[in-house]
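Both ligands and their constituent atoms are indexed starting at 1 by order of listing.
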Amino acid sequence: MNTKIQIGVLISGGGSNLQAIIDAVNGGHLDGQIVFVGSDAPGAGGLDRARRNGIATFVVDYKSIIRDFKKDPRKALLPDDVDLGDIIAKQTLFSDQDDPQRVRPFMMSRVLAEARLLEAIGSHSFDLLVLAGFMRNLTPYFIDRINSDRTSPRIMNIHPALLPSFPGVDGYGDTFRYGCKVAGCTVHFIDYGEDTGPIIAQRAFPIEAGDSLESIRQKGLALEWELYPHCIQLFAQGRIKVVRKEFDLGKGGKVFRRIVEIG
Ligand code: GRF
């Protein structure tokens, strides 16, 4: 029997992926234990799923934190260990062309929320943080405090598209509206960008003539509910390794990427 890993989960909505992970744990298919479920939204349906399974829950109300910040940014008290310049330099959510007057307040307000998030999860010890329909971008401030060992990331996410295509908030919708013939989902580690981290696994399915956005979403979710517990189990078994690979582009050009290898 593998040792059980401690899993923290963050959600924003209904928590169907959370439910799939709970079912995998309860069914003995996942060598882990969910130790908390947190949400950025007080009314998230997934919180009830957690409570029904006796899992500790908390809410960090991003909306009110961001609203209060916008009311009077000068009143914002950032934690002492915040280096905003370092955060902005590291993050790749925004490019150098983006207006710093927009980037700076975005990062400040998210760091304020993340400080509360870190406080809430601080009382739990966990091996893996699973984002399951968590609709907030994370900044290097939070990521670096969770990924204490940079070489072995421990924040996982599931995205409703075949990355790197269609990052962002509506993967199935973007795939459908583009006229793609295949849709799918991706499990990846979080890095400093939006849905750009090392890919752990993907599942694809054909888009058929009679498919609607709703039928595509349902087919995709059914695959997510299999794929996510599978990836978390690979992590629990210590079979996931992230390696830095260099690729020769010819004419002296090289590119490198952190790639996941499954042992
Ligand atoms: C899922 O499609 C997931 O890929 C995306 O959020 C959607 C809703 O997830 N990140 P859930 O039902 O709240 O787990």
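For atom 1 (C) of ligand 1, the closest heavy atom belonging to the protein is Glu224 OE1, 3.2 Å. The protein heavy atom nearest to atom 14 (O) of ligand 1 is Asn17 N, 2.8 Å. Of the protein's non-hydrogen atoms, Ile158 O, 3.2 Å is the one closest to atom 10 (N) of ligand 1. In terms of protein heavy-atom proximity, atom 6 (O) of ligand 1 is nearest to Gly133 CA, 3.5 Å. When only non-hydrogen protein atoms are considered, atom 13 (O) of ligand 1 lies nearest to Gly15 N, 3.0 Å. In terms of protein heavy-atom proximity, atom 12 (O) of ligand 1 is nearest to Ser16 OG, 2.5 Å.
The number of heavy atoms from other shown groups lying within 6.0 Å of CZ (Arg136) is above 12.
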Run the salt bridge (Lys or Arg N to Asp or Glu O under 4.0 Å) check on Asp61 and Arg116 step by step: do they pass?
-> CA-CA 9 Å; Asp61 189 342; Arg116 299 265 294 278; over 6 Å; no

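Those atoms of ligand 1 with a heavy atom of Pro160 less than 4.0 angstrom away are 2 (O), 4 (O). Close contacts between ligand 1 and Leu221 involve ligand atoms 1 (C), 2 (O) [criterion: under 4.0 Å to a heavy atom]. Remark: ligand 1 atoms within the under-4.0 Å shell around heavy atoms of Gly14 are 13 (O).
For atom 3 (C) of ligand 1, a protein heavy-atom neighbour is found at a distance under 4.0 Å.
For the residue pair Thr139/Glu114, the side-chain donor-acceptor check at 3.5 Å is satisfied.
Using cut-offs of 30° and 60° on the angle between ring planes, the pair Phe205 and Tyr172 is tilted.
Annotation: salt bridge (charged side-chain N to carboxylate O under 4.0 Å, His left out) contacts involving residues 250-262, sequence neighbours excluded, comprise Lys245-Glu261. For residues 199-209, the pairs satisfying salt bridge (charged side-chain N to carboxylate O under 4.0 Å, His left out) are Glu208-Lys219, with sequence neighbours left out.
A salt bridge links Lys90 to Asp144: at least one charged side-chain nitrogen sits closer than 4.0 Å to a carboxylate oxygen.
Among Leu117, Leu93, Asn137, Ile66, the one residue that satisfies the side-chain contact (heavy atoms from CB on, under 4.5 Å) test with Arg110 is Ile66.
In this structure, Cys185 falls outside the shell of residues with a heavy atom less than 4.0 angstrom from ligand 1.
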